[in-house]
Amino acid sequence: MAKGITKRSEDYSKWYLDVIDAAQLAEHSAVKGCMVIKPTGYAIWEHIQANLDRLFKETGHVNAYFPLFIPENFMHREAQHVEGFAPECAVVTHGGGKKLDEPLFVRPTSETIIWSTYKNWIQSYRDLPILINQWANVVRWEMRTRLFLRTTEFLWQEGHTAHATEKEAVDETLLILGVYRTFAEEYMAAPVFTGIKTEKEKFAGAVRTYCIEAMMQDYKALQCGTSHYLGQNFAKAFDVTFQDEQSKVRYVYATSWGVSTRLIGALIMMHSDDNGLVLPPRLAPTKVVVVPIWKEDAERAAMKQKAVDLTRDWKGRIPYKIDDRDQYRPGYKFNEWEKRGVPIRIEMGPKDVAQNQVIVVRRDTGEKIAVPQYSLLATIEALLEKIQKDLYARALRNRDANTFTCDEYKELIERLESPGGFFWVHWCGQGACEEKFQQDAKATIRLQPIEDGGEPGACIVCGAPSAQRVLVAKSY
RNA sequence: CGGGGCGUAGCGCAGUCCGGUUAGCGCGCCUGCUUUGGGAGCAGGAGGUCCUGAGUUCGAAUCUCAGCGCCCCGACCA
């Protein structure tokens with residue numbers, strides 16, 4: 001059916017790239033590792049931005065903007081941070097035709113430039129908390145890139161907050177984790193596991209990294225967002241102190257958190273199918289496309305007019321398009337809008353108009369129903385919500401059906417290889433055992449549960465006591 | 001950085017081994033006519049630094065040397 005899109009079962013990786021191409025989301029640029037985000041792809045990002053931005057503001061955050069460039073010495077202030085990020089940074093050595101006295105790092109993340117600024121902003125407990133977010137681009141010189149999932153330059157938001165107490169900072173970290181979870185579930189229709197990264201996987205410079213992890217259709221994990229409790233690491237590195245109510249000088253506590261254009265990759269890999277892009281309605285730039293159909297010239301004008309009349313009161317309620325292009329036939333248009341992921345298509349020809357109805361087609365299921373024109377708007381609004389819920393339910397079923405507990409190491413390695421999935425296993429907490437997953441199956445511990453709760457057991461690798469299970473999977 | 005593949009029209013490719021007139025094909029694009037309820041048909045047409053540079057030759061997309069770039073697979077990562 002779908003020309004030009006590789007089937008998921010044949011080559012998942014190729015399918016992913018084909019969907020991006022067919023839906024006109026992005027393409028490779030003249031610069032290695034960097035992509036051009038095309039209007040449709042960028043519109044999805046704008047919807048992600050708009051909704052997250054509102055959630056951030058509802059939880060008390062404000063936006064600001066910090067420089068793209070970071071003086072080299074800032075990067076070196078926090079030992080873990082520089083060790084983690086310096087190898088993948090782009091560095092500017094010349095400007096205005098002259099060699100710079102001090103090289104400037106293109107930000108891979110903004111903790112250092114921001115905390116050097118916060119030092120000037122914070123003297124008293126009355127200056128706290130600072131709850132700032134910025135929408136920005138960052139650069140990480142990755143060796144291997146994939147559209148949306150990992151590009152040299154990518155767009156993201158990064159929140160950077162400053163607090164008087166550890167508790168307040170930890171609460172902030174968890175608050176944002178909750179925001180990310182809500183956004184993933186309610187907007188992306190993406191079920192996610194939340195948890196804590198291992199020492200090996202945590203953010204360079206963090207005390208603790210929380211994350212949301214989602215399962216893609218090929219059963220691999222994708223980290224969709226992170227929220228870091230940074231403790232006093234950056235406050236100490238940049239000497240950011242305040243006087244508390246008792247006039248005592250103390251270091252500030254910090255958090256940082258972010259999601260990126262990678263989320264678009266997650267949307268594609270969770271919901272799309274062999275016919276192209278499938279988008280959750282809440283993030284779809286165009287939610288409904290109306291395709292008027294005609295046979296004769298006389299009908300053409302009438303059908304076009306009918307499409308306009310039909311959608312007259314939709315403005316401001318539903319983003320829609322009328323595809324009345326003369327040069328394409330209906331079949332071509334149906335196919336095109338399927339590839340591009342518009343959640344609902346309305347087919348409207350002379351036969352339907354004669355019966356005061358239209359044909360409503362769901363992108364996610366292909367289901368076609370005849371709907372009376374008088375109730376169309378209400379039907380569509382309800383259907384969009386239903387599609388949103390159904391996509392979540394389908395993704396959840398896929399995850400549940402491929403998430404297992406496992407207690408035999410050999411079996412774990414085999415099953416990770418084929419058919420794959422998420423595996424809850426006991427782990428003793430030692431890095432050596434963690435590395436063994438990686439070596440034997442190229443799998444990693446995606447997260448540890450936040451709450452202790454599960455039954456104790458024995459580490460699946462070494463047999464040492466384990467308090468709880470952790471989630472192991474292959475990942476992007 | 002290691003392994004593989006590839007640079008020829010907007011896109012996908014053939015031609016290269018074995019040098020030879022005016023460099024082809026499919027898709028897309030433009031014009032016209034017929035079409036239009038699941039990717040239309042016919043006719044005409046536009047579109048090329050054959051990745052770059054040097055060399056060999058009467059003659060190079062094709063041979064030689066050097067360089068550049070991209071994609072895919074691994075190690076690093078949101």
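Throughout, a chain's letter reflects where its sequence line sits, starting with A, and its residues are numbered from 1. All figures in this text were calculated on a predicted structure; none of them were measured in a lab.
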Touch check for [X], heavy atoms < 4.0 angstrom, all strands: base, sugar-phosphate only, or nothing?
| X | result |
| --- | --- |
| A:Gly258 | nothing |
| A:Ile359 | base |
| A:Leu149 | base |
| A:Lys197 | nothing |
| A:Thr151 | base |

Does any donor-acceptor pair link the side chain of [X] with the base of [N] at a separation under 3.5 Å?
| X | N | result |
| --- | --- | --- |
| A:Arg345 | B:G38 | yes |
| A:Lys368 | B:G38 | yes |
| A:Glu338 | B:G38 | yes |

* Any A:Arg329 side-chain nitrogen or oxygen under 4.0 Å from OP1 or OP2 of B:U35 -> no

* **NZ/NE/NH1/NH2 to OD/OE distance under 4.0 Å, A:Asp309 and A:Lys306** => no

* Ring centres under 6.0 angstrom apart (A:His81, A:Trp115) -> no

* Asked: What nucleotide, of B:U36, B:G37, B:G39, holds the atom closest to the side chain of A:Asp352?
  -> B:G37

* Expressed in angstrom and rounded to an integer, what is the separation of A:Tyr332 atom OH from B:G38 atom C1'? -> 13 Å

* Asked: Now, which nucleotide makes the Watson-Crick or G-U wobble pair with B:U57, with each of the two distances under 3.5 Å?
  -> none

